[in-house]
Amino acid sequence: MSSGNNKKKVRVITGNEACAEGAIAAGLRFFAGYPITPSSEIAEILSYELPKIGGKFIQMEDEISSMGAVIGASLAGAKSMTATSGPGFSLKQENIGYASMAEVPCVIVNVMRGGPSTGLPTLASQADVMQARWGTHGDHPIIALIPNSVRETFDYTVRAFNLSEKYRVPVILLLDEIIAHVNEKVVLPEENTIETWERVRPDSLTDDYLPYQYTESDVPPMISFGEGYRFHVTGLVHDETGFPTNKQSEINKFLNRLNRKIDRYADDIIQVDEDYEKDAQIGVFAYGSTSRSAKRAVIWAREKGVKVNFVRPGVLWPFPQKQARRLAESTSKILVPEMNLGQIAHEVEWAARGQSEIVKLNRIDGEPINPMEILDAIMEIA
Amino acid sequence: MSSGNNKKKVRVITGNEACAEGAIAAGLRFFAGYPITPSSEIAEILSYELPKIGGKFIQMEDEISSMGAVIGASLAGAKSMTATSGPGFSLKQENIGYASMAEVPCVIVNVMRGGPSTGLPTLASQADVMQARWGTHGDHPIIALIPNSVRETFDYTVRAFNLSEKYRVPVILLLDEIIAHVNEKVVLPEENTIETWERVRPDSLTDDYLPYQYTESDVPPMISFGEGYRFHVTGLVHDETGFPTNKQSEINKFLNRLNRKIDRYADDIIQVDEDYEKDAQIGVFAYGSTSRSAKRAVIWAREKGVKVNFVRPGVLWPFPQKQARRLAESTSKILVPEMNLGQIAHEVEWAARGQSEIVKLNRIDGEPINPMEILDAIMEIA
Amino acid sequence: MEKTKVLPTITIKEVWCKGCGICVEFCPHSVLGMEAGHAVVVNIDACTACGLCEIRCPDFAIMVEKNS
Amino acid sequence: MEKTKVLPTITIKEVWCKGCGICVEFCPHSVLGMEAGHAVVVNIDACTACGLCEIRCPDFAIMVEKNS
Amino acid sequence: MSFRYEIRLSGEGGQGLVLAGKILAEAAAIYDDLNATQSQSYGPEARGGASRSEVIISDDEIDYPKAINIDLLLAFTQEACTKYHEDLKDDGILLIDSDYVTNVPDGKFKVYKLPIIEAARSEIGKIIVANIVALGIIASLVSVISVDAVEKAILSRVPKGTENLNKKAFKLGLEMGKKLTV
Amino acid sequence: MSFRYEIRLSGEGGQGLVLAGKILAEAAAIYDDLNATQSQSYGPEARGGASRSEVIISDDEIDYPKAINIDLLLAFTQEACTKYHEDLKDDGILLIDSDYVTNVPDGKFKVYKLPIIEAARSEIGKIIVANIVALGIIASLVSVISVDAVEKAILSRVPKGTENLNKKAFKLGLEMGKKLTV
Amino acid sequence: MFDYEKYIRKNKFPLIWCPGCGDGIVLKAMLRAIDRIGLDKDEICMVSGIGCSSRLTGYVDFNTLHTTHGRALAFATGVKMAKPQMHVIVVTGDGDATAIGGNHYIHAARRNIDITVVLFNNNIYGMTGGQVSPTTPRNFKASTAPMGNPENSFNISGLAEAAGASFVARGTVYDAIRLDRLIEKAILKKGFSVVEVMTPCPTAFGRRNRLGDGPAMMKLLKEDAVTVSRAAKMDEKELENKIITGVLVDIERPEYTANYQKLIEQMKGIEQ
Amino acid sequence: MFDYEKYIRKNKFPLIWCPGCGDGIVLKAMLRAIDRIGLDKDEICMVSGIGCSSRLTGYVDFNTLHTTHGRALAFATGVKMAKPQMHVIVVTGDGDATAIGGNHYIHAARRNIDITVVLFNNNIYGMTGGQVSPTTPRNFKASTAPMGNPENSFNISGLAEAAGASFVARGTVYDAIRLDRLIEKAILKKGFSVVEVMTPCPTAFGRRNRLGDGPAMMKLLKEDAVTVSRAAKMDEKELENKIITGVLVDIERPEYTANYQKLIEQMKGIEQ
Ligand SMILES: Cc1ncc(C[n+]2csc(CCOP(=O)(O)OP(=O)(O)O)c2C)c(N)n1
Ligand SMILES: Cc1ncc(C[n+]2csc(CCOP(=O)(O)OP(=O)(O)O)c2C)c(N)n1
Ligand code: SF4
Ligand code: SF4
Ligand code: SF4
Ligand code: SF4
Ligand code: SF4
Ligand code: SF4
Ligand SMILES: [Mg+2]
Ligand SMILES: [Mg+2]
């Protein structure tokens, strides 16, 4: 059983362990989940670690109630998280939409496995990336992060909480079976060096606290149940008092702010590694565990004298369209390797506006895409 | 209570009535659902009409079980349907993925209302169109139809069943609160003039019936439980016998066929109205109830001497990219009015590959977009 | 010398009253009646201030005050 | 003249047997034993063909046939 | 040149305005062979019922089923009148129940005041037929649909056994309407 | 020029091969200051446990954590040996338990046959330490990680109280391994 | 005269409920119970699902959470775990709690988590216009059971008991005075407590089944109700279609948040 | 010697289950019961959810449907409605049926739809590696309850009874002979019937709780089992931690598909 202690030293841990420890480092105090391969270890670790620090763990009766409990706990002031995989992620969608609508900070970990349906429960995939954006009904704001190593999983988990609290939005952390289960060498940062953000509170708490106040930032200041301000939270469209409204002006005002909230801070949120070479004609756009194979392939290609620009987003939603566009403008062909049938390639193609030809390299049999495959694809289009 | 009889005559009925009657005309024999505004009338009508013809109606305990029951009934040989709205559509996603994976014909009606979450339960929206494509986890095939009138709702419902049976795929019928509840004048076709398709059966039934046989058509012949061929159905990745497999070769073979099945027949499935004018510089791309306002606006614009090309898809998924591309190549600006924040505009922009500038006209307050708004937008970019 | 009975005060909030008739129906002493879709007091003398109308009014529209 | 008892036939499917030991444990007459991770017959003479081993084998790996 | 005629019937749930709207639409569509749509607005989820019912009548296709430029507005309650009169045309008609709508919004439109509900009570003895009385008045005021068509539509919609009652209510409305226009 | 060394430990669930792999990774990563990853493959959902465990050791970043070009393959069972030997390098090492792997796949690789499990039983008296014995053999065969590091890693992983037992098993493995290489 | 104003959000009135709907009577009983116990408004979190009854949370001056259909107990579990000192009260309908929400209902009961459920049972889906509910009696009509309900109905109090609730009671809006006593007891109980309240829905249930308006339906409640003690003396046949009112279950079982607190204490020892 | 081969998909063997797993013993009992009744293989539809036990459907030569986790009864309801003449048997685990699937379990029981559920209760989530289940006894260890389960557990047979099942029985894999009789009775019952089977999971439950291997855990089942008749003579304390086996409920209630058939007959009259 992994424990949060002495992070100084070198350790060999899995992505699921790093996620659990990152969550605690970020201030996690409530976890509700329902077991599912390949995410279960996150719950297992937290069932032991949380009570040790006075936090709460509960295994709910299903994924729907897990998501519900997470929202309830967050509204009561506890940083909250749940973890699941494809089938459970589908079930959580309705309540994820509620969190988006009611602007409740929370983190949803989806350890991607082979789909659709029960699919390939023990094999890796990246095929839930579009669902992470569009899984629930209605236009809604969402943030999705996707690390590519055990070490990053720790940092991204912390960041998931920070973004969630800062923007009052559910944040989805996309892992895959490989990162979740691989043991890697890591040196985790010391507790005191980890920056954690708390939800923005109103500067002056007057009796007429407005839970959905329109402020310059578009992010309403937030306090918790039980702090003496008895406000109302609903999944219906509401005005700044938090109560339902059917007034067109109010509806527009609210829904526009709700979605604008993320759009306007896209540059803050988006994180992308861009590695450009002078007059490269080939671009590679890769994310998650696939981006590691891609990075190696790019190194090899360059060794072979092929100039390649490499772009690797750590955030998929909001989509890094500027960076994708820049890559398209700087190259004539972009290779997008991914463990699905081209979900993100489609977004890159959208962002490219025809400036560069998108070449897909897809794998859907549960095996990670290895560097050689990517190198071959690069050489083919070079 | 509407009844299916003497379709000859002129009637004034709602979209929900037309949907229920279309389903029965298409051969519906099992409906399982859970009430939700604005779809409930479909269930209410069928609770009365189905037993009259020996069919079965059941109100299940929730949307998840409704979708499960629909799949079970379809496997047992009954043409099956469910109807819901946003929140319920989100809950059905896991089992919709199962139907996709196990290739079980069925129709899911989603009467779109304002979202996200509980949102605006009695107001119209078009904001579930991306969810219809990406709501469930993993790469999966899906078809989505979207009529724009009560009369079309009848035909499209019939077609939804036909496509579902022909391609062994769940078909999503997207209505919105306006079409669902508006009373319109219709003359429905006579029973005997309605073409209905049945699932393809194996030409010779040998003892070794393969429920997921690889055939030239990519659509495995299908028989029902209880016909004497005791086959296995699972949501795990399976080989042509229907049993789970972890063999890479089998996985690839299956998942590629599963998704190819729809891609390769896209031209068969896609239905688009294209109304071009010589040297038009402006294009309008609209669907569902919005496309009616758009059509009127186009007429007015033309009366004002503005040349406009008008494209109106009746099928959203698979996305009519050729038609969108053609529109982009023939114009310099495309207006995409929709009752969401630009979900389909994004797809048009993708298909346009930078050939034409996409202009969004969005409305999310539950009010339909009226012809004047669209005309103004056209004149602005003209 | 004879005491005159002090009558209770019954307040009916017209704007909240939906005229459902529950208070009228269950008043043990027929103190209440209906008028233009709202409850009204028709026989205050009979009122015992038992409060049953108040407790059963779904809309917080009727209040009974004992006076003395 | 004395009858010689006809012994039952016990078939053990090695490929299906997982060596769980259930049959061995619950055989009332210690007819069965374990060898190299599989059940084996060690004392057929004691077998009464009661069939308990067969009925409790989770893996369809042991079959008992009464002969006569 | 094709026409589009917009009617909005407004009041409280339970006053039968949705049915009245549906009847007008059927009158135009089925018996006068025009195009017609009818729609209504709801409260939260389904309950509460409709507070307004709109009918569009045209000899052309009806692309937009909601009223935007109203030719005739019926208001059974003050609240409805205040809330829904904005979209009424300058040359439109405002038909109000004089007992329930006391302060009349000002505008260029024609205003007709009649004690519709009271008439239903006193003359027919059933206020639930006030909606049918209103249909009579509207039929006599509106030229785009024929009186005959409205009557047919009413009779095909109302419950068996109530035909005469409703016929009476309709006739009453016609009379009341005629008086206005002379 | 950087190196990448791939080890695959294969056999049945319950033979402690996942732990063994993790120990090798920790030996390299923590005590020899190299990079290392360990991963395994699962059966349906989580149950059935790992049938193979892979360790990649390198002095460079490890981008791809799965074995593709194996330097050393340990096979405790025939099935595992047959199923997993393909990716073994020509100049690689195949280490098999001679009691359980009888038909040896042919290839250019070196083959070492040892009764590992039996040795654990007879010499240590506990077959559960067969995985540790194997680690001893591997430590003596493989130059990229130090014997010392593997021993440290073992001791930090095994349950308190079993240190000596495991030390003995490890030593035994070292001996068996040395014999091979001389 | 009880001062309800102390607890309501007056500016949200009048209530959205139909004339004669019983929900407002239950609301008032809840407020009287809370007042009698003397709970601090800030310490109360009232959680509801979706339905007419679930709209209640919008009218009371507590920490209020209007969730998704059927999930009130899931959200409430999160609130209670994060702030165990809070009094968490769930307001839910028969459909919300026992149709789509049935699983959360039995699991909350199993855990015996210290939450009080006030379950508004009007035997129908009111909000969506009168579809059949798990508590619609057999052969009664609903918009999705036009010829009469072909399904058997739940005894939702019995279900709570079997699942592990430590307090279960049933009341009616006719007997509004006893109702607030039952709710008071339920709130005071440490553990999962349920008060099932029979309340009329004239609009979506009464009309279609010819049961009359609000007052008429309340008369029916008066006639059908029998107290637990009286019921004990009646036989199966006599009890048919009767509503047994009063405290049905009141037992001691380990409560979940308390168990969890113990776990935390126990683990304080373990090194971080 | 019973000929199982007639009913199994031999080419799928050996079974995926662990050595000592009880699931195979239940499978055999089911086949014996089906054989004794003499059901036609084509008329049987066996439906399962997700879990080790739910893998059973892959091994039997019937119409088999391996659904999503917890939803077997929902799918089965569709099959049964579409083809009422079919014998629909649901194979499910304690987690599948009573955790995520709990709502479908109680509603199928409420409808009393003619489906037989064989519920494999091993007190744990086997497939996913030993997480706590609604039937894991208090204080027993699981991978998500490392210090012992802080939750109360379900009596899942009692739950089925309260929800409306017309037949409920409990058996163990130790008493495999009586087990097939119980399953036989359940299948023959017209209505919703449940057989809860206590079966050992040495891998995910036994090991962590030091209960030993398959045989050892079967011994425990032998010791803890008491028949209904014997239990009747024992008091609360004596019955603690005992497993009451035999037929627990066997009553007559209206069955759903029959009710629905009546409805269809009744409506034949109405003009189309
Ligand atoms: C997921 C989902 N499904 C369905 C609905 C539609 N819906 C809203 S309320 C309701 C039922 C309400 O019935 P009940 O819980 O008994 O409350 P009541 O209105 O009778 O008080 C339904 C089905 C919804 N909002 N969300
Ligand atoms: C929606 C969903 N959630 C979670 C899972 C993961 N999962 C598979 S089986 C299982 C539990 C199995 O337990 P049980 O039903 O008791 O069956 P057993 O393996 O013990 O026989 C879980 C949680 C899943 N497959 N789908
Ligand atoms: S009970 Fe209340 S709402 Fe009903 S009539 Fe009396 S005062 Fe009005
Ligand atoms: S207080 Fe009693 S007597 Fe007086 S009006 Fe109310 S119910 Fe009647
Ligand atoms: S019970 Fe069956 S599997 Fe177990 S040892 Fe005996 S024969 Fe083998
Ligand atoms: S048949 Fe009975 S006696 Fe013979 S081996 Fe099996 S269990 Fe033992
Ligand atoms: S519909 Fe029924 S439950 Fe809803 S408010 Fe009206 S009366 Fe009450
Ligand atoms: S994990 Fe448990 S339930 Fe699953 S097969 Fe193994 S022993 Fe059986
Ligand atoms: Mg209700
Ligand atoms: Mg289990």
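The sequence lines fix the lettering, A, B, ..., with proteins before strands; numbering per chain opens at 1.
The greatest number of non-hydrogen atom pairs below 4.5 Å with chain H, out of B/S66, B/S65, B/G68, is found for B/G68. When the candidates H/K12, H/R110, H/Q266, H/E265 are compared by the number of heavy-atom contacts under 4.5 Å with chain B, H/K12 comes out ahead. Contact count against chain H (heavy-atom pairs under 4.5 Å) is highest for B/G226 among B/G55, B/S80, B/A78, B/G226.
Side chains of H/I264 and B/K52 form no contact here, defined as non-hydrogen atoms less than 4.5 Å apart. Contact of the B/E61 side chain with the H/R111 side chain is registered, since non-hydrogen atoms from C-beta on lie closer than 4.5 Å. Contact of the B/V233 side chain with the H/T64 side chain is not registered, since no non-hydrogen atoms from C-beta on lie closer than 4.5 Å.
Of the inter-residue distances, the one linking H/T257 atom OG1 with B/I58 atom CD1 reads 10.0 Å to the nearest 0.5 angstrom. The OG1 atom of B/T241 sits 8.0 Å away from the CG atom of H/N11 when rounded to the nearest 0.5 Å. Between the CD1 atom in B/I64 and the CZ atom in H/R71 there is a gap of 4.0 Å [rounded to 0.5 Å]. B/D62 CG to H/N103 CG: the interatomic distance, rounded to the nearest 0.5 Å, is 6.0 Å. Note: H/M267 CE to B/E49 CD = 7.0 Å, rounded to the nearest 0.5 Å. Here the straight-line distance linking atom CZ of B/F243 with atom OG1 of H/T57 works out to 8.5 Å at 0.5 Å rounding.
The contact between H/M86 and chain B is made entirely by side chain atoms (from C-beta outward), counting heavy-atom distances below 4.5 Å. Interface residue B/F225: backbone and side-chain heavy atoms are both found under 4.5 Å from chain H. In this structure, the portion of H/R9 lying under 4.5 Å from any heavy atom of chain B is its side chain and not its backbone.
Identified by a heavy-atom distance below 4.5 Å to chain B, the contributing residues of residues 37-46 of chain H are H/K41, H/D42, H/E43, H/C45, in residue-number order.
Ring geometry for H/F75 against B/Y98 counts as perpendicular: the plane angle is over 60°, on a 0 to 90° scale with 30° as the lower cut.
At most 12 heavy atoms of other shown residues, nucleotides or ligands fall within 6.0 angstrom of atom NZ in B/K247.
The minimum heavy-atom distance linking H/P84 with B/K56 is given by the pair CG-NZ, 3.6 Å.
Residues B/E227 and H/K83 are not paired through a salt bridge, judged by the lack of any N-O separation under 4.0 Å between the basic side chain and the carboxylate.
Aromatic ring centres of H/Y260 and B/F57: separated by at least 6.0 Å.
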